[in-house]
Colleague: 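Dropping a structure here in structure tokens format, bear with me for questions.
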Amino acid sequence: MEYTEKVMDHFMNPRNVGKIENADAVAEVGNPSCGDVIKMYLKISNDIIEDIKFQTFGCGAAIAVSSKTTEMVKGKTITEALELTRDQVANELGGLPAIKMHCSNLAADALHQAIKTYLKEHGRS
Amino acid sequence: MEYTEKVMDHFMNPRNVGKIENADAVAEVGNPSCGDVIKMYLKISNDIIEDIKFQTFGCGAAIAVSSKTTEMVKGKTITEALELTRDQVANELGGLPAIKMHCSNLAADALHQAIKTYLKEHGRS
Amino acid sequence: MPRIYLDYNATTPIRPEVRDAIVPFLNELFGNPSSRHLEGRHVKTKMEAARAQVAAAIGTDPERIVFNAGATEGNVTVLRGYHINYKEKKARNHLIVSTVEHPCIYETAKKMANEGYEVTFLPVNSEGNLDLDTLSAAIKENTGLISVMTVNNETGVIYPVKEIAKIAHDRGILFHTDAAQAAGKIPFDVKEIEPDFVTMSGHKIYAPKGIGALYIKKGRRLEPLLTGGHQENNRRAGTENIIGIIAMGKALELAVQEMANDRERIGALRDEFEQRVLTEIPHTKRNGGAANRIYTTSNISFRFVEGEAVQLKLDYHGIAVSTGSACSSGTLDPSHVIMALCNGDEEEAHSSIRFSFGKYSRKEEVPVVVSRLAEIIAQLRGFSPLYDKFLQQQKG
Amino acid sequence: MPRIYLDYNATTPIRPEVRDAIVPFLNELFGNPSSRHLEGRHVKTKMEAARAQVAAAIGTDPERIVFNAGATEGNVTVLRGYHINYKEKKARNHLIVSTVEHPCIYETAKKMANEGYEVTFLPVNSEGNLDLDTLSAAIKENTGLISVMTVNNETGVIYPVKEIAKIAHDRGILFHTDAAQAAGKIPFDVKEIEPDFVTMSGHKIYAPKGIGALYIKKGRRLEPLLTGGHQENNRRAGTENIIGIIAMGKALELAVQEMANDRERIGALRDEFEQRVLTEIPHTKRNGGAANRIYTTSNISFRFVEGEAVQLKLDYHGIAVSTGSACSSGTLDPSHVIMALCNGDEEEAHSSIRFSFGKYSRKEEVPVVVSRLAEIIAQLRGFSPLYDKFLQQQKG
Ligand SMILES: Cc1ncc(COP(=O)(O)O)c(C=O)c1O
Ligand SMILES: Cc1ncc(COP(=O)(O)O)c(C=O)c1O
């Protein structure tokens with residue numbers, strides 16, 4: 001099991017870590033017993049993701065995937081963000097070890113869930 | 001499986017090899033399918049083994065045992081020769097590998113058989 | 001900065017004396033020990049000397065030692081082959097193993113359970129200790145073998161193998177111990193412990209990987225796993241791993257000589273390390289810390305962070321440690337051993353790191369590792385949702 | 001006088017290039033390939049490179065290769081584990097193996113027969129050849145596996161494995177070949193031969209003893225013999241014999257490169273040797289001489305004398321050869337392989353000597369060996385009762 005350089009870069013220097021105090025959308029996926037918990041905080045304005053931050057308890061892959069996901073959607077519309085798939089994130093990172101593809105690749109789920117909750121709260125779904 | 005120096009000496013320089021043309025007693029034991037055939041030739045006079053020679057088809061142990069046996073009984077009485085045991089021969093050689101104790105240690109048998117046939121032929125048994 | 005290796009329980013470097021002992025066997029001493037010629041006999045003689053070294057190290061005779069490919073082979077051989085010793089071969093098909101055994105026992109036993117054996121997995125308490133009464137109670141009419149390791153590879157907990165052997169023997173049951181992490185590290189004498197079978201491995205004691213030795217008590221027979229040639233007195237077929245055998249003999253001999261010193265020196269390092277981590281880094285917990293433990297091992301859970309992330313960051317900064325055992329690196333499940341200690345608290349199990357010290361560990365490494373660790377844990381907690389939640393709760 | 005080694009089929013010295021490849025793994029490259037840290041990953045990368053070398057040597061992909069402790073382990077694994085591949089697991093319990101297999105197949109199959117498997121031992125003719133019609137006729141409804149070696153270790157006879165694979169597959173049967181004496185010595189491409197399983201061994205090709213590799217065709221599953229850790233893609237548990245693996249990769253790569261040259265050079269030596277022995281020493285017979293044979297091996301019966309005596313005397317004079325296989329040195333029975341060729345003439349079997357040539361065999365050795373041999377045979381016949389009897393019969 002070996003991580004790509006890109007994974008290691010995002011793991012060692014994760015982008016957008018932390019939380020947004022008055023976030024417009026928040027979601028948490030995973031649970032500690034699986035070894036991965038990812039929480040996403042979004043600042044949305046005019047359907048654009050103006051800011052995004054994450055908190056992750058998890059392995060190197062989980063942290064890198066979280067970081068990469070935030071990077072990929074920051075400044076994008078929420079529609080674009082909803083189209084982002086786990087696989088796209090993994091590809092952008094140069095791939096993930098097979099064993100990590102499912103369990104640790106939860107960031108897109110957190111992102112989607114946050115946006116969907118946001119839409120629902122705004123009566124748009 | 002390792003042979004003692006004494007075994008190697010008797011194997012490399014076997015004493016009393018060959019046959020005695022007008023032997024007083026002859027016997028052959030073993031068979032080729034076991035990998036060992038020992039034939040003993042004795043010249044006996046006044047119940048003394050004046051000369052003894054052997055022919056052996058067999059492994060190093062079989063040859064060494066044949067050689068040692070002839071050495072041990074040459075000049076001895078046939079009564080003494082009949083008392084010689086396989087174990088004595090093996091001991092004189094400093095021991096034999098366990099696996100060789102039975103199969104290749106046939107020389108005493110050949111000796112005894114030769115003497116017994118001799119005694120029988122002379123109406124003494 | 002040279003790297004700092006704190007994963008001696010996973011494997012060890014080959015020590016110089018062992019390397020020197022090997023060299024002739026990479027060169028002129030190449031014969032097959034089964035060959036009758038000089039090339040073979042020379043190697044055979046050296047191989048038997050190595051067997052004597054291994055035997056002496058555990059207080060037994062050379063004939064009791066069978067060389068094989070490692071502790072995995074030894075353990076599987078015992079589990080699969082023990083029953084042959086009993087007239088009641090099929091009848092004695094109940095095994096008792098602990099829940100903290102190495103995967104080569106744990107998984108093999110699980111497999112055997114699927115195949116029709118009866119298997120009892122003995123639990124341990126939150127310190128990793130095994131209760132002897134529970135063990136006694138687990139024994140059945142048809143129990144054939146009890147297998148409990150001497151030293152656990154993840155926590156370092158030492159099990160009371162002498163007492164377990166006695167319990168087993170009182171009930172006519174065979175006792176096996178996996179001593180891969182014990183032989184050469186703590187005193188281990190088969191005359192005192194009286195096990196029926198003991199497994200050892202070379203690469204835990206500064207010999208190469210892929211060599212092991214199995215002790216078989218006099219009178220006990222094991223069905224060989226590898227059959228064919230007459231090697232190892234018909235107890236393990238296959239041309240012998242000579243390099244490994246020579247190395248293991250030498251390594252075990254040296255290990256026993258140096259044991260008392262190592263114990264003191266390495267133990268002091270480990271204790272200092274542990275002390276500092278537990279006091280300087282908050283929310284840490286020693287796994288198995290209250291049990292009788294070997295001096296080399298420290299297993300610590302760092303709450304709110306995941307072990308692999310810690311391990312990776314340490315690695316990046318030149319420090320090698322491990323999460324769980326190396327053998328379980330093909331899975332994502334938390335170590336079954338740490339789980340057994342954590343009373344099912346999987347978060348805690350996911351947060352554990354094993355630090356294992358050895359002959360080349362130096363005192364100067366301790367502060368380097370502790371401070372790096374403190375930094376890394378703080379970083380990771382800095383964006384851990386679990387830590388955040390914990391802080392909120394503290395406040396609230 | 002340097003010794004003359006003519007027992008390359010028993011084992012080989014480690015070649016300098018292999019030794020050089022090993023050295024870093026005796027030193028700084030000591031990590032456990034299952035470890036996630038740098039020490040582990042470095043070794044893992046090198047291990048995978050060695051796997052690629054082995055795979056390339058037999059025309060396959062790295063994932064098809066499982067490293068183990070030698071050909072014995074490989075063979076036993078296949079014999080014991082093949083059936084899992086069949087839905088009809090228990091139903092396909094008939095094995096066909098030749099009578100000239102190495103003991104690790106021959107004896108294991110005998111054992112399995114005792115345990116309830118059905119086993120057919122395929123005879124060979126007096127040249128050591130196997131009849132394909134006999135093979136076809138031996139196939140039954142419940143045949144699960146056919147195992148025939150590629151090159152016989154005692155006679156050098158080469159078996160038509162491609163044809164046998166086809167016969168097996170036409171009937172839905174798995175085919176295994178023990179290529180311990182073939183891989184690296186003669187062209188062997190799994191794409192052409194299409195075996196399901198192939199066994200290889202390092203110490204026959206100038207790598208150390210105790211390392212082997214098993215080829216498993218894509219889609220075929222083998223029940224592992226060693227269970228526990230996730231090594232070798234869950235196909236063989238236990239920390240890997242890294243030194244052996246690195247060595248085997250290098251050795252096999254070089255072997256393939258040098259194969260054509262070796263074949264010519266070593267083949268010429270062998271042929272010259274054989275020619276001279278057969279013409280200069282009376283009452284000699286080549287075993288397997290009329291069959292398709294590998295260029296390294298010459299098995300000769302010297303009538304009226306016993307093989308061990310010849311071997312011992314040669315050894316004393318600095319020449320290493322063998323009688324039967326090294327593995328059978330624990331028994332006194334004549335080689336079951338030579339017996340199979342001698343139509344039950346045990347005397348002839350007891351009189352056989354195997355000369356096996358290799359990379360360090362030199363042309364100058366041939367006349368030395370031939371003349372020493374002539375002298376020794378004459379000496380031993382000089383007091384052989386069988387020779388004496390023969391001479392009498394000639395006279396009479
Ligand atoms: C306790 C224990 N048992 C067994 C093993 C397996 O040993 P090996 O790698 O020699 O097969 C190990 C280490 O890997 C271990 O720590
Ligand atoms: C044909 C053949 N198969 C199997 C083996 C056994 O191989 P290993 O010694 O690697 O177990 C050998 C040699 O010993 C052999 O020549």
Side-chain angles (χ1 to χ4, degrees), chain C residues 3 5 7 10-14 19 22 26-27 30-32 34-40 69-70 72-73 75-76 102-105 107-108 111 201 203 208-211 225-231 234 237-244 308 311-312 315 320-322 326-331, chain D residues 3 5 7 10-14 19 22 26-27 30-32 34-40 69-70 72-73 75-76 102-105 107-108 111 201 203 208-211 225-231 234 237-244 308 311-312 315 320-322 326-331:
Chain C
R3 286 181 59 88
Y5 187 74
D7 204 8
T11 199
T12 58
I14 296 175
R19 197 188 313 135
I22 286 174
L26 294 173
N27 291 285
F30 72 88
N32 185 327
S34 292
S35 294
R36 292 199 195 92
H37 46 61
L38 189 75
E39 284 79 357
T72 297
E73 181 180 332
N75 287 336
V76 173
H102 187 270
C104 57
I105 290 190
E107 298 295 333
T108 302
K111 203 153 171 288
S201 181
H203 74 103
K209 294 164 241 313
I211 182 67
L225 206 61
L226 300 186
T227 43
H230 298 280
Q231 292 92 348
N234 295 308
T239 304
E240 301 87 342
N241 175 354
I242 295 298
I243 289 175
E308 194 218 75
Q311 180 264 311
L312 264 178
D315 184 43
V321 302
S322 79
C327 293
S328 32
S329 73
T331 160
Chain D
R3 286 182 58 92
Y5 186 74
D7 204 9
T11 199
T12 58
I14 296 176
R19 198 188 311 136
I22 286 174
L26 294 175
N27 292 284
F30 72 88
N32 185 327
S34 293
S35 294
R36 293 200 194 92
H37 47 61
L38 189 77
E39 285 78 358
T72 296
E73 182 180 331
N75 288 336
V76 172
H102 188 270
C104 57
I105 290 191
E107 298 295 333
T108 302
K111 204 152 168 290
S201 181
H203 73 103
K209 295 163 241 312
I211 181 67
L225 204 61
L226 300 187
T227 44
H230 297 281
Q231 292 93 349
N234 294 310
T239 303
E240 302 87 343
N241 174 352
I242 294 300
I243 289 176
E308 194 217 75
Q311 180 263 313
L312 264 179
D315 184 43
V321 301
S322 79
C327 295
S328 30
S329 74
T331 158

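In this text, all values refer to a predicted model and were calculated from it rather than measured experimentally. Numbers restart at 1 for each chain; the letters A, B, ... are given by sequence-line order, proteins then strands.
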Colleague: Specify the closest pair of heavy atoms between A10(C) and S35(D), including all atoms of both residues, with the distance to one decimal.
Modeller: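 Distance-wise, the nearest heavy atoms are CB-OG, 3.9 Å.
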
Colleague: What part of E73(C) lies closer than 4.5 angstrom to a heavy atom of chain D: side chain, backbone, both or neither?
Modeller: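 Contact with chain D involves both backbone and side-chain atoms of E73(C).
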
Colleague: Between H203(D) and N32(C), is a side-chain contact (heavy atoms from CB on, under 4.5 Å) present by the stated rule, with each step listed?
Modeller: CA-CA 9 Å; H203(D) 73 103; N32(C) 185 327; 4.2 Å; yes

Colleague: Against chain D, work out which of L226(C), N75(C), N234(C) has the most heavy-atom pairs shorter than 4.5 Å and name it.
Modeller: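 It is L226(C).
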
Colleague: Report the residues that fulfil side chain to side chain contact (heavy atoms under 4.5 Å, CB included) with N27(C), sequence neighbours left out, ordered by chain and then residue number.
Modeller: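 Checked N27(C) against side chain to side chain contact (heavy atoms under 4.5 Å, CB included); matches are V23(C), R19(D).
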
Colleague: Restricting to non-hydrogen atoms, name the atom on H37(D) and the atom on V321(C) that form the minimum distance, rounded to 0.1 Å.
Modeller: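 In terms of heavy atoms, the two residues are closest at CD2-O, 3.2 Å.
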
Colleague: Look up atom OG in S322(C) and atom CD in E39(D), then write down how far apart they are to the nearest 0.5 Å.
Modeller: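 Nearest 0.5 Å value for the OG-CD distance: 11.5 Å.
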
Colleague: Restricting to side chain to side chain contact (heavy atoms under 4.5 Å, CB included), what partner residues turn up for T12(C), sequence neighbours left out?
Modeller: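 In terms of side chain to side chain contact (heavy atoms under 4.5 Å, CB included), with neighbours along the sequence ignored, T12(C) is linked to Y8(C), Y206(C).
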
Colleague: List the atom of D315(C), the atom of L38(D), and the distance in Å for their closest heavy-atom pair.
Modeller: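 Looking at all heavy atoms of both residues, the closest pair is OD1-N, 2.9 Å.
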
Colleague: Which residue out of I14(D), L312(D), I211(D), I105(D) racks up the most heavy-atom pairs below 4.5 Å with chain C?
Modeller: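 Most pairs with chain C among the choices: I14(D).
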
Colleague: Select one option (side chain, backbone, both, neither) describing which atoms of I243(D) are under 4.5 Å from chain C's heavy atoms.
Modeller: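 Side chain of I243(D) only, per the 4.5 Å heavy-atom cut-off to chain C.
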
Colleague: Could you report the tightest heavy-atom contact between E240(C) and K209(D), atom names first, then the distance?
Modeller: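 Heavy-atom minimum between the residues: O-CB, 3.0 Å.
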
Colleague: Can you name the nearest heavy-atom pair linking T72(C) to T227(D), along with the distance?
Modeller: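 Taking T72(C) first and T227(D) second, the nearest heavy atoms are CG2-O, 3.9 Å.
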
Colleague: Report which part of N241(C) has an atom under 4.5 Å of a heavy atom belonging to chain D: side chain, backbone, both, or neither.
Modeller: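 Both parts, backbone and side chain.
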
Colleague: Within a strict 4.5 Å, meaning less than it, do heavy atoms of the V76(D) and L225(C) side chains meet?
Modeller: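 Counting from C-beta outward, V76(D) and L225(C) never come under 4.5 Å.
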
Colleague: Of all heavy-atom pairs between G228(D) and E107(C), which one has the smallest distance, and what is that distance?
Modeller: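 Closest approach of G228(D) to E107(C): O-CG, 3.9 Å.
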
Colleague: Which bit of I22(D) comes within less than 4.5 Å of chain C, counting heavy atoms only: side chain, backbone, both or neither?
Modeller: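 Only the side chain of I22(D) comes within 4.5 Å of chain C.
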
